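Right, one structure below, let's go through it.
Please read all numbers here as calculations on a predicted model, not as lab measurements. Just so it is clear: chains get the letters A, B, ... in the order the sequence lines come, proteins before strands, and each one is counted from 1.
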Number of protein chains: 2
Amino acid sequence: MLHDPAQLDLMFQALADPARRQMVERLSRGPASVSQLAEPLAMSLSAVVQHLNVLEASGLVRTEKLGRVRTCRIEPKALRAAERWINERRLAWERRLDRLGDFLAETKDET
Amino acid sequence: MLHDPAQLDLMFQALADPARRQMVERLSRGPASVSQLAEPLAMSLSAVVQHLNVLEASGLVRTEKLGRVRTCRIEPKALRAAERWINERRLAWERRLDRLGDFLAETKDET
DNA sequence: TCAATAGTGAAGTAGTTACTTCAGTATTTA
DNA sequence: TAAATACTGAAGTAACTACTTCACTATTGA
C-alpha cells in the first residue's frame with residue numbers, strides 16, 4: 001500500500017514545499033500543536049492548516065485532537081517508504097556501475 | 001550545495017510526478033535516449049522533453065547530446081541528497097522514541 | 001459567564017504545472 | 001540529395017497550488 005504510486009505522488013509532493021519540510025523538520029524533534037508549527041512560519045494560521053492537511057493526506061504526519069488542541073506527529077513508516085523508493089533506484093544504478101567497472105577491468109586484463 | 005532548500009524543492013517536486021518517477025526508474029536500469037524514455041509513456045515527445053528538463057534542473061538527471069541523440073543518465077549524488085534529508089528526519093524521530101522508551105522503562109523499574 | 005485561545009472552512013486570486021499542437025532544426029541513412 | 005529520425009521551442013489552455021481574508025465554532029480559564 002505504501003508502494004502505491006499515488007501515495008508516493010502525495011508524499012513527494014508534500015515534501016516539495018519548503019514550509020512543509022520545515023514543519024516535518026520541527027516534528028522530527030517531537031510532537032507539536034498547529035500553533036507551534038505555525039509559530040516560525042511567515043504565513044497565516046489558515047495557510048499552515050492547509051499545509052498540514054497536505055502532510056496528513058500524504059500519510060507523512062498523523063494528527064489527533066484533544067480538546068481544542070490538535071497534536072501532530074511524524075509517521076516514520078511513510079517517511080521510510082519515500083526513502084526506500086529513492087534508495088532502491090540509486091542502488092540499482094550504482095550496482096550497474098559496479099558491474100560495468102568489473103567488466104571493464106576484466107576486459108583490460110584480457111588484452 | 002546539495003543541502004540548499006531550493007535544490008531540495010526542485011528534487012522533491014521532480015519526484016512528485018509519476019511520469020518523472022517512471023523516467024528515473026527507467027534510467028536506474030541504465031542510460032537512455034529521449035525517445036527511449038518516451039516510449040512507455042502515453043504522452044507527446046514534447047511533454048517528455050519538458051519532464052526531462054524538470055529532472056535535469058533538479059540535478060537528478062544529467063544529459064549529454066551526441067549527434068542528434070540526447071543520452072540521459074541518473075546523478076546518484078542528487079538522489080542521495082534527497083534520501084539523506086528524509087533519513088535524517090526519520091532517524092531524529094526514531095531516536096526520540098527510543099529515548100522515550102528507555103525513560104518509561106526506567107521509571108517503571110523505579111516503582 | 002465572558003473573554004481569550006485554538007483551530008476550521010469557504011471563497012477569491014495570482015502564479016504554476018502538465019499537458020497539447022504545430023512548426024522548426026540538426027543529423028543520419030538510403 | 002532527399003527522406004527519415006531525433007529532438008527543440010513557442011504558444012495556448014485547463015487544472016492545480018499556495019496563499020489571503022473573513023466569518024465561524026469549539027474549548028478553556030479567570
Side-chain angles (χ1 to χ4, degrees), chain A residues 4-27 30-74 82, chain B residues 4-27 30-74 82:
Chain A
D4 175 12
Q7 197 67 21
L8 283 170
D9 279 11
L10 293 175
M11 290 193 290
F12 285 120
Q13 190 78 254
L15 292 173
D17 187 276
R20 286 193 294 261
R21 277 205 312 283
Q22 212 178 316
M23 291 165 76
V24 169
E25 168 89 60
R26 167 63 189 82
L27 290 175
S33 69
V34 176
S35 335
Q36 284 175 325
L37 284 181
E39 197 266 324
L41 298 170
M43 65 179 69
S44 70
L45 228 207
S46 257
V48 171
V49 170
Q50 285 169 57
H51 281 308
L52 186 54
N53 292 339
V54 172
L55 285 168
E56 203 169 6
S58 79
L60 290 167
V61 166
R62 193 163 42 86
T63 75
E64 187 185 13
K65 194 158 184 175
L66 259 166
R68 63 186 165 176
V69 178
R70 186 164 160 202
T71 302
C72 314
R73 63 192 75 239
I74 271 185
Chain B
D4 176 12
Q7 198 66 22
L8 284 169
D9 279 11
L10 292 175
M11 290 194 289
F12 285 120
Q13 191 78 256
L15 293 173
D17 187 277
R20 286 194 295 260
R21 277 204 311 284
Q22 213 179 315
M23 290 165 75
V24 169
E25 168 90 58
R26 166 65 189 80
L27 290 175
S33 70
V34 176
S35 336
Q36 284 174 326
L37 284 180
E39 196 266 323
L41 298 170
M43 65 180 69
S44 71
L45 229 206
S46 256
V48 172
V49 170
Q50 285 169 56
H51 280 306
L52 186 55
N53 292 338
V54 172
L55 285 168
E56 203 169 6
S58 79
L60 289 167
V61 165
R62 193 164 42 85
T63 76
E64 187 183 15
K65 194 157 184 174
L66 258 166
R68 64 184 166 177
V69 179
R70 187 165 160 201
T71 302
C72 314
R73 62 192 76 239
I74 272 186

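At whole-Å resolution of the value, CG in B/Leu37 and P in D/dT8 are 12 Å apart. Rounded to whole Å, atom C1' of D/dA18 lies 15 Å from atom CD of A/Gln22. Atom CD in B/Glu64 sits roughly 16 Å away from atom C1' in D/dC7 (whole-Å rounding). Note: CG (A/Asp17) to C1' (D/dC16) measures 14 Å, nearest angstrom. Rounded to a whole Å, the CG atom of A/Asp9 is 14 Å from the C1' atom of D/dC16. The nearest whole Å value for the distance from the CG atom in B/Leu52 to the C1' atom in D/dG9 is 14 Å. The interatomic distance linking B/Met43 (CE) with D/dT13 (P) rounds to 21 Å, in whole Å. In this entry the distance linking CD of A/Gln36 with C1' of C/dT5 reads 13 Å, nearest Å.
B/Met23 contributes atom CE, which lies 6.5 Å from atom CG of B/Leu41 (distance to the nearest 0.5 angstrom).
Residue-level contact check: B/Ser35 touches the backbone only, with heavy atoms under 4.0 Å from sugar-phosphate atoms and none from bases.
A donor and an acceptor atom sit less than 3.5 Å apart, one in the side chain of B/Ser46 and one in the base of C/dT21.
Between A/Lys65 and D/dA26 there is no side-chain N or O to OP1 or OP2 distance below 4.0 Å. Remark: B/His51 is in phosphate contact with C/dC19, judged by side-chain N or O atoms under 4.0 Å from OP1 or OP2.
Judged by distance alone, the side chain of A/Glu64 and the main-chain N or O of A/Cys72 form no donor-acceptor pair under 3.5 Å. Judged purely by atom type and a 3.5 angstrom limit, B/Arg26 has no side-chain atom pairing as donor or acceptor with the backbone of B/Gln36. At distances below 3.5 Å, not a single donor-acceptor pair connects side-chain atoms of A/Arg70 with backbone N or O atoms of A/Lys65.
For B/Arg68, taking side-chain heavy atoms from C-beta onward, the closest of the listed nucleotides C/dT27, D/dT28, D/dA18 is C/dT27. Checking C/dC19, D/dT20, D/dC7 against every side-chain atom of A/Ala47, the shortest atom distance belongs to D/dT20. Considering only side-chain atoms of A/Gln13, the nucleotide from D/dT17, C/dC19, D/dC7 that sits closest is D/dT17.
The nearest heavy atom of DNA chain C to A/Val69 and to A/Gln50 marks one nucleotide each, and the one closer to the 5' end goes with A/Val69. Residue order along DNA chain D, read from the 5' end via each residue's closest nucleotide, puts B/Asn53 first among A/Gly67 and B/Asn53. If you find the closest nucleotide of DNA chain C to A/Ser33 and to B/Leu45, the one lying nearer the 5' end belongs to A/Ser33.
In this structure, the side chains of A/Met11 and A/Leu8 come closer than 4.5 Å at one or more pairs of heavy atoms.
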